[in-house]
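Just below is one structure, and these are the notes that go with it.
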Amino acid sequence: MSNICFYISLPQYLAQWFINDQGGEYPVKLRRGSIEAKIVETFVQTPPKNESPVFSDDDTAVLIPHFRGKDPVFYNYLSPIAKDAICETIRNRFDIELFNDLFSLPLIHNRIDMMLEAWMQCHGIEINDTNWHAVAKRYQ
């Protein structure tokens, strides 16, 4: 397996959730058959001439899997639109999991703040004001 990565920009809470969701390794190793892996397989291409990766320290590194006929040594470029599609997929999966896990709990337990903190802890999200408010907003 190669160690060639692409980089995506995610809010801190979402990056932490995604890393945890994919197995907890960093750089993120996509699960075989995941929707994110399917998007990468579909849109990964050879880099345009004179194109070098642009990323910041806050971006999340994701290993490019080896797909049949698409060796990451040669196929290691995702366009900004493809990266946006991956980020939107991650955000949608987060929302679905958060909603599915917590939707019926307020009927049983009226302290949603406690439920959110417990959920964040179970999903590898650091509990701080920024993350807590972001997750609470996504839940609303």
Side-chain angles (χ1 to χ4, degrees):
M1 169 167 220
S2 71
N3 289 329
I4 300 171
C5 297
F6 66 92
Y7 298 85
I8 53 176
S9 180
L10 296 170
Q12 182 185 40
Y13 76 94
L14 196 55
Q16 292 171 356
W17 175 84
F18 180 58
I19 292 165
N20 184 71
D21 179 68
Q22 295 296 312
E25 295 179 32
Y26 193 82
V28 177
K29 181 180 177 186
L30 297 174
R31 285 190 327 250
R32 181 183 296 263
S34 70
I35 188 67
E36 294 87 358
K38 294 286 187 189
I39 293 170
V40 172
E41 182 178 15
T42 301
F43 296 116
V44 71
Q45 56 188 307
T46 57
K49 297 231 186 277
N50 302 322
E51 182 85 21
S52 59
V54 177
F55 60 92
S56 74
D57 291 340
D58 295 332
D59 288 350
T60 303
V62 181
L63 291 170
I64 300 175
H66 189 281
F67 301 108
R68 182 176 290 150
K70 291 186 175 181
D71 187 333
V73 171
F74 305 106
Y75 291 82
N76 52 37
Y77 175 79
L78 287 165
S79 71
I81 295 171
K83 289 180 183 181
D84 287 346
I86 292 169
C87 291
E88 187 65 25
T89 299
I90 293 167
R91 190 173 294 108
N92 288 341
R93 286 195 326 98
F94 174 88
D95 288 346
I96 291 167
E97 186 168 337
L98 177 64
F99 182 80
N100 285 340
D101 288 351
L102 296 182
F103 178 69
S104 62
L105 292 179
L107 301 174
I108 300 165
H109 196 284
N110 61 0
R111 294 279 313 269
I112 192 62
D113 57 332
M114 291 174 65
M115 296 295 108
L116 282 175
E117 284 185 20
W119 189 87
M120 290 169 64
Q121 193 173 39
C122 286
H123 289 87
I125 302 171
E126 178 186 350
I127 298 172
N128 60 38
D129 281 348
T130 303
N131 287 345
W132 191 91
H133 287 291
V135 172
K137 192 70 167 168
R138 296 304 298 180
Y139 182 67
Q140 288 176 352

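We number each residue from 1, following the sequence as shown.
Atom CG of Leu14 sits about 8.0 Å away from atom CZ of Arg138, to the nearest 0.5 Å. Glu36 contributes atom CD, which lies 6.5 Å from atom CG of Leu30 (distance to the nearest 0.5 angstrom). The distance from the CE atom of Met120 to the CG atom of Asn131 is 5.0 Å, given to the nearest 0.5 Å. Rounded to the nearest 0.5 angstrom, Ile64 CD1 and Asp71 CG are separated by 10.5 Å. We find the CD1-CD1 distance between Ile35 and Ile90 to be 11.0 Å, quoted to the nearest 0.5 Å. To the nearest 0.5 Å, atoms CD1 (Ile86) and CD1 (Ile81) are separated by 12.5 Å.
Closest non-hydrogen pair, Pro47 versus Phe74, comes out as CD-O, 3.4 Å. In terms of heavy-atom proximity, Asp21 sits nearest to Arg31 at O-NH1, 2.7 Å. Of all heavy-atom pairs spanning Ala82 and Phe43, the tightest one is CB-CB, 3.8 Å. Considering every non-hydrogen atom in both Ala85 and Ile39, the closest pair reads O-CD1, 4.2 Å. When all heavy atoms are compared, the tightest approach of Ala15 to Thr60 is CB-OG1, 3.4 Å. Between Lys29 and Leu63, the shortest heavy-atom distance links the atoms CB-CD1, 4.3 Å.
Side-chain N or O atoms of Asp59 include one that pairs as donor or acceptor with a backbone N or O of Ser56 at under 3.5 Å. One N or O on the side chain of Gln16 and one on the backbone of Glu126 form a donor-acceptor pair closer than 3.5 Å. A donor-acceptor pair under 3.5 Å is absent between the side-chain atoms of Asn20 and the main chain of Trp17, judged by distance alone.
Within a 6.0 Å radius of CD in Glu97, more than 12 heavy atoms belonging to other residues, nucleotides or ligands are found.
By the 4.5 Å heavy-atom criterion applied to side chains, Gln22 and Val62 are not counted as neighbours.
Ile96 and Tyr139 are members of different hydrophobic clusters when ILVMFWY side chains are connected at heavy-atom separations under 4.5 Å. Under the 4.5 Å side-chain heavy-atom criterion for Ile, Leu, Val, Met, Phe, Trp and Tyr, Phe67 and Tyr75 are members of the same hydrophobic cluster. Hydrophobic clustering, with ILVMFWY side chains joined whenever heavy atoms are under 4.5 angstrom apart, groups Leu98 together with Trp132.
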Does the pair Tyr13 and Phe94 meet the rule for a ring pair (Phe, Tyr, Trp, His ring centres under 6.0 Å), with working shown?
CA-CA 10 Å; Tyr13 76 94; Phe94 174 88; 5.3 Å; yes

Run Cys87 and Leu10 through side-chain contact (heavy atoms from CB on, under 4.5 Å) and show every step you take.
CA-CA 7 Å; Cys87 291; Leu10 296 170; 3.8 Å; yes

